[in-house]
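Because only heavy atoms are used, hydrogens play no part in the values below, and waters and symmetry mates are left out as well, while side chains stay in. Everything numeric in this text was worked out from a predicted model, so none of it was measured. Lettering of chains follows the sequences in order, A, B, ..., and the numbering in each one begins at 1.
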There are 2 protein chains.
Amino acid sequence: MPTEPGRREPAKRSRPNVKDVAARAGVSRATAARALGGYGYSSQEVMERVTEAARELGYEPNRVARTMRSGKSDIIGFVCADISDAFFSSAMRGICDVALDEGSKVIVMNTDDQLSQEQDAARVLLSHEVDGLIITPVSVREHAHIDAVTGAGVPVVSLDRQLSDAGIDSVVADNEAGTANAIHHLIGRGHHRIAYLGSVQPEEPPALRIGKSRASVAGPSRPSLDRVRGYLRALSAAGLPVERELIALVPHDEPGRRTDAVAAMLALGDPPSALFTADSYMTKSAFTLLSERGIAIPGEMSLLGFDDLEWTTLVRPRISVVVQSAYDMGRAAAAQLFAKIAAPESGAGSASVRGQRTVIPTRFLERESVGLVAEPVRGR
Amino acid sequence: MPTEPGRREPAKRSRPNVKDVAARAGVSRATAARALGGYGYSSQEVMERVTEAARELGYEPNRVARTMRSGKSDIIGFVCADISDAFFSSAMRGICDVALDEGSKVIVMNTDDQLSQEQDAARVLLSHEVDGLIITPVSVREHAHIDAVTGAGVPVVSLDRQLSDAGIDSVVADNEAGTANAIHHLIGRGHHRIAYLGSVQPEEPPALRIGKSRASVAGPSRPSLDRVRGYLRALSAAGLPVERELIALVPHDEPGRRTDAVAAMLALGDPPSALFTADSYMTKSAFTLLSERGIAIPGEMSLLGFDDLEWTTLVRPRISVVVQSAYDMGRAAAAQLFAKIAAPESGAGSASVRGQRTVIPTRFLERESVGLVAEPVRGR
DNA sequence: GTGAAAGCGCTAACAA
DNA sequence: TTGTTAGCGCTTTCAC
């Protein structure tokens, strides 16, 4: 379109800048910049001339130079374990959607759950002057590198991991309540022996304490641990005993042991009547093993999982699950982040909300994988 | 760690810069920059002093300023329809992995298959001075905005869509060959009436020409059309007739019509013995409908799909599919992009490879959803 | 081998 | 209302 036959276009020259626009409009650089940027004053006439010149030249402001001056890059960072994971890519979409509305863009970096990669990512993103950071931290204890980011005045929101004790805003699902609710459902259907199968971070093995009247799990708030807590809470609330043998916590980096854990549960002298699988990997392992062994769901074994995946409605029976919306979590985290970015450095004066915790509700989707237990139905 | 009790740290001040490092090391800015950047000359001793000072201060070069000077941002853009889609998020991971090796980062932007969004994305990324762009273009005809990017000297690689005719490098799967191979497999198992169920872009409806001896589909190279071509080619090669009623092309933006298309195929007077579903959505629709109607796979109907998804191995029977590795495609696209970025402006002299086309092979995964047809087995 | 200085494109004081 | 000017942090001639 920029067909300007008379003028010789330098062709190989880069994109036009304010100076070019100013020259064409016959005004100074500052005036052109003001007219274009929409700040300061400029007369109607000059405004039009400049706008026209910019249009003709196909002028587009250089964000890099703008960042240099203003310190605002209109870029945020998203640091997660693996963007190809369905949870993170959905969250990413939520983040992108909010960012688009805010005129911002998102740089993604993967950590593969390695602290060193996370530290590198934080450093790199800081050097690019990102306006903010959304992160799913590998560790909830080791967060010096995250503190360095906030220390540099860059807002951070933690996604799916609780870091609010460290004064960092977090957006998490109501893992404990969602799980408790699901277990409650199982109990309501007559199940007394309910197995819990979940993953845990290898570096932070949970300390499970099972007392006569109370059971608890020590350690920080993390989805994997909070779900165990929800399980314990629901059993306690119903006056059911907590049995150690019904709880399997498999290190996240040893996927091969998931199937073993399910098999061990089935091999128990007094096996459970229902399996609660606390994450999608475990749900898949459990479903696969039950299928292979020809164990009828829910006839011989009930199954209830955390996290919804496409396949849970394609297999027969359809699997009942607790769903968390990764998309909504991403949106919420981004919304919170941009609020902090916009906030005029909430440090001075008002006791600013540091370490705010936003909880996204989960939903229970009842399908067909949970059966009714009538009486103590030992030995079929 | 930076425990420097004696010196008063301005605290609220931003990150240290070359000037600070230079001051601490007792040299000039230029010298410090040289020592840190590893270019130009500097004595052993100065080098050490500067490095030490940088370490103490926790100095990290400001990429924004560096970009401004050098024009290299160490950021590339990835423009796709929807990052939460499994194909794109896997491709994204491949891109990120290569980018990491190259010291680069990736900004993702979603288009939802809207040309206007794609145009905006291209403009925005250009204004951020990205070093290159990987894009899955909405349209293979309308690419003025992409030409604008290459015109600005920024390399572009097209992913999953052929744009090499426009002089833009492309990385695509061997859709035609992969499909032909799958259809060939069906024919080898005795199938003569094979249905093709696929999606097409609503704006670019394909012109299907079915002649006596030859059938073809007009239009550009696109995964959706190339798969149809593979289907036609395999039938022709086997001397089988192409029948219009066995080909269903559903507009991509009308998901509701997918199930209708499958149902229509089943309702045919002389129904097919096998269904080839050319994308994951269609495979899902077909599998769901067959399950609901209690039609046995592969007993009463064989099913073979394009694209592998988790669920295809969890359902019974497991679905045979043609797989394309989105991850590999992403890696290949990124590798090609960085090669072009590194190339010293391949315009001058040598006839540079413009519009290079890289084809990533697909694989056929035989599972249990395809049955053997003995004889003309009409009416069971 | 090192330092002084210019400038990438933009914005924000200040002056006119 | 508009123009002049001074940088943001870095790299890169060019003298010394």
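- Residue contacts for A/V64: at a heavy-atom cut-off of 4.0 Å it reaches no nucleic acid atom on any strand shown.
- A side-chain donor-acceptor contact under 3.5 Å links B/T358 and B/Q336.
- Between B/V46 and B/M68, it is B/V46 whose nearest contact on DNA chain C lies nearer the 5' terminus.
- Rounding to the nearest 0.5 angstrom, the gap separating the CG atom in A/N110 from the CZ atom in A/F88 is 9.5 Å.
- When distances are taken from the side chain of B/N62 to each of D/dC10, C/dA4, C/dA12, the shortest belongs to D/dC10.
- C/dT2 atom C1' lies 15 Å from atom CG of B/L36, rounded to whole Å.
- Here the P atom of nucleotide D/dG3 and the NZ atom of A/K19 are 15 Å apart, to the nearest Å.
- Looking at B/Y59 and B/N17, their side chains never bring a donor and an acceptor atom within 3.5 Å of each other.
- Using a 4.5 Å heavy-atom threshold, the side chains of A/V79 and A/L133 count as touching.
- For the pair A/S42 and D/dT1, the criterion of a side-chain N or O lying under 4.0 Å from OP1 or OP2 is not met.
- An OP1 or OP2 oxygen of C/dC10 is reached within less than 4.0 angstrom by a side-chain nitrogen or oxygen of A/Y59.
- Among C/dT2, D/dT2, D/dG9, the nucleotide with an atom closest to any side-chain atom of B/S43 is C/dT2.
- Side-chain N/O atoms of A/T111 and A/D113 include no donor and acceptor closer than 3.5 Å.
- Separating the CZ atom of B/R63 from the C1' atom of D/dT11 is a distance of 14 Å, rounded to the nearest angstrom.
- Side-chain to base pairing of B/R34 with C/dG3: one donor and one acceptor N or O lie within less than 3.5 Å of each other.
- Between the side chain of A/R29 and the base of D/dG3, no donor-acceptor pair of N or O atoms lies under 3.5 Å.
- Summarising the geometry, the separation between CZ on A/R49 and P on D/dT2 is reported as 9 Å, rounded to the nearest angstrom.
- The distance from atom CG of B/D20 to atom C1' of D/dC8 is 13 Å, rounded to the nearest whole Å.
- The B/V18 side chain lies nearest to D/dC10 when the options are D/dT5, C/dG3, D/dC10.
- With contacts defined as side-chain heavy-atom distances shorter than 4.5 Å, the pair A/I76/A/I341 qualifies.
- Secondary-structure annotation of DNA chain C gives the stems C:1-14 with D:3-16, with a stem taken as at least 3 successive Watson-Crick or G-U pairs whose two distances both fall under 3.5 Å.
- Counting only heavy atoms from C-beta on, A/A30 has its side chain closest to C/dA12 among C/dT2, D/dT2, C/dA12.
- Between the CG atom of B/N17 and the P atom of D/dG7 there is a distance of 14 Å, given to the nearest Å.
- Using a 4.0 Å heavy-atom distance criterion, B/S70 is classed as making no nucleic acid contact.
- Atom pair A/H128:NE2 and D/dG9:P shows a separation of 17 Å (rounding to whole Å applied).
- Side-chain contact between B/D120 and B/H145 is absent, with no heavy atoms from C-beta onward closer than 4.5 Å.
- Taking the side chain as every heavy atom from C-beta outward, A/D131 and A/I75 never approach each other to under 4.5 Å.
- Between the side chain of B/R69 and the base of C/dG7, a donor-acceptor pair under 3.5 Å is found.
- Protein atom CD of B/E129 is 19 Å distant from nucleotide atom P of D/dG9, rounded to whole Å.
- Listed nucleotides: D/dC10, C/dG9, C/dG3. Nearest to the side chain of B/S28: C/dG3.
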